[in-house]
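This report refers to the structure that appears directly beneath it.
Any value given below was found using the heavy atoms of this structure, including those in side chains, with hydrogens, waters and symmetry copies removed.
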Amino acid sequence: MADLPEVDGVRHRWVEARGLRFHLAEAGEGDKVVLCLHGWPQHWYEWRFLLPRLAAAGKRAIAMDLRGFGWSDAPPDGYEKENLATDVLAVLDELGLQRVKLVGHDWGGWVGYLLCLRAPERFSQYLALNILTPWVNPRMIVPELWRFSYQPMVASPWLGYRLHRSGTLVPKMLVAGSVSRDNLDSATLRIFADNLAEPARARACVQMYRVFLLREQPELIRGRYEKQRLTVPTLQLHGTDDAALRPKMLAGYQRHADDMRVELVEGCGHFIADEAPDLVADRALAFFS
């Protein structure tokens with residue numbers, strides 16, 4: 001397995017939950033806990049800028065590697081997003097944390113929404129980054145389906161696996177999905193790509209999308225979450241230049257949320273935590289104050 005990258009002030013630990021070993025990167029101390037969930041094609045290192053900022057502000061910041069990613073176990077199955085949410089709750093139980101603040105990006109952002117819908121008592125506030133809400137309107141998505149043409153490729157058992165194993169797909173996706181690439185130098189790209197090139201993790205990436213396309217997406221189209229309401233106070237930051245998840249796709253969230261607002265970030269693509277780390281940290285500290 002690839003070596004853990006180092007970030008000043010960040011320590012590492014592993015927690016056993018649901019028969020798996022989950023990796024956590026932590027910074028800071030105390031009972032004001034912020035849990036961060038990464039997306040694809042990344043892992044805990046996505047939060048390398050945010051963790052120290054939260055810790056300096058008196059928070060205990062925890063970045064969890066989801067199953068199959070980073071330095072957590074990578075079983076062959078279990079990549080349904082509701083199951084990933086169950087993983088997160090099990091890890092919080094093992095840590096003895098009853099209520100935390102939550103940050104999520106991409107698939108971690110989607111899992112974050114599912115967590116807030118299922119167990120709102122566990123999350124005091126939610127900061128979502130560049131992800132759609134669970135109330136996807138097919139009329140907004142269908143004309144834009146071409147933007148998601150990469151998903152069948154990633155979900156292909158042979159092609160998706162080989163592309164991850166080659167180490168070429170991850171850097172290309174990170175660069176193509178970003179407007180500002182100053183924080184995505186070659187060394188950083190390799191930290192993400194080398195980890196997800198490992199055989200079990202390459203398969204996990206395939207399963208993440210395969211399960212979504214074959215089972216979860218049809219349920220979404222049928223309105224799986226249409227009757228569920230978001231009660232956790234939520235702020236979503238969304239880069240206006242996200243090539244896949246266009247801001248207009250967020251339309252209608254107000255009908256399903258008690259206290260949610262969206263801030264559009266001009267000149268920013270999909271990987272907002274890497275592209276605009278100071279803005280993300282500033283908004284997180286203000287929102288979580």
Side-chain angles (χ1 to χ4, degrees), residues 1-17 20-67 69-73 84 87-109 111-112 115 122-130 174 182-185 187-192 194-195 235 237 271-289:
M1 184 178 291
D3 293 335
L4 275 164
E6 295 184 4
V7 176
D8 287 346
V10 173
R11 58 193 182 276
H12 301 274
R13 64 185 294 193
W14 281 260
V15 172
E16 299 278 346
L20 298 177
R21 193 167 178 253
F22 291 94
H23 167 252
L24 307 176
E26 297 186 59
E29 305 284 351
D31 55 6
K32 298 178 180 178
V33 180
V34 180
L35 177 66
C36 303
L37 303 177
H38 65 84
W40 176 88
Q42 296 183 286
H43 44 63
W44 75 269
Y45 196 65
E46 174 180 357
W47 307 113
R48 62 197 179 280
F49 300 112
L50 184 58
L51 296 180
R53 286 285 304 276
L54 292 172
K59 308 265 189 308
R60 177 185 172 194
I62 303 173
M64 173 182 167
D65 279 335
L66 299 173
R67 83 162 54 198
F69 290 77
W71 286 260
S72 291
D73 282 350
L84 299 183
D87 286 345
V88 174
L89 292 173
V91 168
L92 291 177
D93 288 343
E94 289 296 323
L95 295 173
L97 298 173
Q98 293 303 310
R99 189 171 170 84
V100 301
K101 302 177 188 301
L102 184 64
V103 182
H105 170 246
D106 189 78
W107 281 126
V111 171
L115 286 165
R122 304 296 296 270
F123 306 98
S124 59
Q125 292 163 296
Y126 178 39
L127 176 63
L129 308 177
N130 277 78
L174 289 168
D182 293 345
N183 296 318
L184 291 172
D185 56 85
T188 299
L189 293 173
R190 291 260 56 89
I191 286 172
F192 293 119
D194 290 350
N195 178 266
L235 169 63
L237 304 179
F271 296 99
I272 189 169
D274 303 275
E275 297 180 67
D278 290 337
L279 182 144
V280 170
D282 290 344
R283 297 300 189 273
L285 292 174
F287 186 51
F288 294 152
S289 63

Taking CG in Asp185 as the centre, count heavy atoms belonging to other residues, nucleotides or ligands within less than 6.0 Å. Is the count above 12?
yes
Please examine the side chains of Arg99 and Leu92, heavy atoms only from C-beta on, and report whether any two atoms are closer than 4.5 Å.
no
Please confirm whether the backbone N or O of Asp274 pairs with a side-chain atom of Asn183, one donor and one acceptor, at under 3.5 Å?
yes
If we ignore hydrogens and angles and just use 3.5 Å, is the side chain of Arg53 paired with the main-chain N or O of Ala284 as donor and acceptor?
no
Looking at Arg67 and Asp87, is any side-chain nitrogen of the basic one under 4.0 Å from a carboxylate oxygen of the acidic one?
yes
For the residue pair Ala281 and Leu50, what are the closest heavy atoms and their distance?
CA-CD1, 3.7 Å
To the nearest 0.5 Å, how far apart are CG in Leu51 and CD in Glu46?
10.0 Å
Check the pair Leu102 / Arg122 against side chain to side chain contact (heavy atoms under 4.5 Å, CB included), numbers first and verdict last.
CA-CA 10 Å; Leu102 184 64; Arg122 304 296 296 270; over 6 Å; no
Among Phe69, Trp107, Phe271, Tyr45, which one satisfies ring-ring contact (aromatic ring centres under 6.0 Å, His included) with His38?
Phe69
Go through the side-chain N and O atoms of Asp93 and Gln98 and say whether any donor and acceptor fall under 3.5 Å apart.
no
Please examine the side chains of Lys101 and Leu35, heavy atoms only from C-beta on, and report whether any two atoms are closer than 4.5 Å.
no
Of all the heavy-atom pairs spanning Ser72 and Leu66, show the shortest one and how long it is.
CB-O, 3.7 Å
Scanning both residues in full, the closest heavy-atom pair of Ile191 with His43 reads O-NE2, 3.1 Å
Specify the closest pair of heavy atoms between Gly109 and Tyr126, including all atoms of both residues, with the distance to one decimal.
O-OH, 2.5 Å
For the student: nearest non-hydrogen atoms of Ala273 and Trp47, plus distance:
CB-CZ3, 3.9 Å
Once rounded to the nearest 0.5 Å, what's the spacing between atom CZ of Phe192 and atom CH2 of Trp40?
12.5 Å
Using a 3.5 Å cut-off and no angle test, enumerate the donor-acceptor pairs between side-chain atoms of residues 58-65 and protein atoms at least two apart in sequence or in another chain.
residue, atom, partner, partner atom, Å
Arg60, NE, Glu26, OE1, 3.1
Arg60, NH2, Glu26, OE1, 3.2
Asp65, OD1, Trp44, N, 2.8
Asp65, OD2, His23, ND1, 2.8
Asp65, OD2, Trp71, N, 2.8

Are side-chain heavy atoms of Phe288 and Val103 found at a separation under 4.5 Å?
yes
With a 4.5 Å limit on heavy-atom distance, are the side chains of Leu115 and Leu37 in contact?
yes
Looking only at heavy atoms, which two atoms of Ala25 and Val10 are closest? And how far apart?
CB-CG1, 3.8 Å
Tell me, do Val100 and Val34 make a side-chain contact under 4.5 Å, heavy atoms counted?
no
Contact between Val91 and Leu89 at the side-chain level, heavy atoms closer than 4.5 Å - yes or no?
no
Candidate pair Arg21 and Glu16, rule side chain to side chain contact (heavy atoms under 4.5 Å, CB included), full reasoning:
CA-CA 5 Å; Arg21 193 167 178 253; Glu16 299 278 346; 3.6 Å; yes
Can we say Glu6 and Arg48 salt-bridge, meaning some charged N sits less than 4.0 Å from an Asp/Glu carboxylate O?
no
Got a second to check how far Leu97's CG is from Asp31's CG, nearest 0.5 Å?
10.0 Å
Euclidean distance, Trp14 CH2 relative to Leu24 CG, rounded to 0.5 Å
9.0 Å
Distance from Leu285 atom CG to Leu127 atom CG, nearest 0.5 Å?
10.0 Å
Out of curiosity, Glu275 CD to Leu129 CG, how far, rounded to the nearest 0.5 Å?
11.5 Å
